[in-house]
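The structure appears right after this line, and notes come after that.
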Amino acid sequence: MQVDDDVFLNTKFLPQILENKIEDQNTIRGYVRSGLHPIRWATKFTQNTKWICPYWLYPKQDFPDFLSGLGYLVPSKWIKCLYEKALKTPQLHLEDVFVTGILRSKCGISLIHDPRFVHFKDTSTQVFDNFLIHPVTEEEQYSYHKSIL
């Protein structure tokens, strides 16, 4: 399991999410991102340059489908394949694209979109209904935690 530090993890869902279903053993679960293109350039006004991905780093026009880096679940049987493919694949600084897009496709793993992995919360996001909520502040972490106790 991978979870970013600006994510609220609703531990009440953990047993349900982690139960090992046969149909989930060849999948990685999270919030699927598809149809996204690399951002090739920035200006001095670009606020978040960490998403810049020049052609020399990733020459393809589109990213493969991948899971949002807010968090995802990988069955342990696939860790070795992902690791071995990573040793033979040019690295990409976008960890979510690299692991759950590029390496995952080389291992033949499917993706499962789970709406309980909330990519961008809004005012209608319910803590009780979701497993991961992104992004959250430290104050929200504490407030959400208190509300599920």
Taking the six-membered ring of Tyr55 (Phe, Tyr or Trp), confirm whether the NZ or CZ of Arg40 is under 6.0 Å from its centre and within 45° of its axis.
-> yes
Can you tell if the side chain of Arg29 reaches within under 4.5 Å of the side chain of Leu67, non-hydrogen atoms only?
-> no
Can you check whether Leu92 reaches Ile102 side chain to side chain, under 4.5 Å on heavy atoms?
-> yes
Trp78 side, atom CH2; Gln25 side, atom CD - distance, nearest 0.5 Å = 10.5 Å
Check [X] against [Y] and note the closest heavy-atom contact, atom names and distance.
{"X": "Pro64", "Y": "Gly101", "result": "CG-C, 3.6 Å"}
{"X": "Val118", "Y": "Leu70", "result": "O-CD2, 3.6 Å"}
{"X": "Val7", "Y": "Gln141", "result": "O-NE2, 2.6 Å"}
{"X": "Asp114", "Y": "Ile17", "result": "OD2-CD1, 3.9 Å"}
{"X": "Asp96", "Y": "Gly69", "result": "OD2-N, 3.0 Å"}

Using 30° and 60° as the class limits, which term best fits the ring planes of Tyr31 and His113: parallel, tilted or perpendicular?
-> perpendicular
Remaining members of hydrophobic cluster (4.5 Å side-chain criterion), Tyr83 = Leu87
Which donor-acceptor pairs under 3.5 Å do the side chains of residues 127-135 make with protein atoms, sequence neighbours left out?
from   : atom 1 : to     : atom 2 : distance (Å)
Asn130 : ND2    : Gln126 : O      : 2.7
His134 : ND1    : His119 : O      : 2.7
His134 : NE2    : Asp6   : OD2    : 3.2

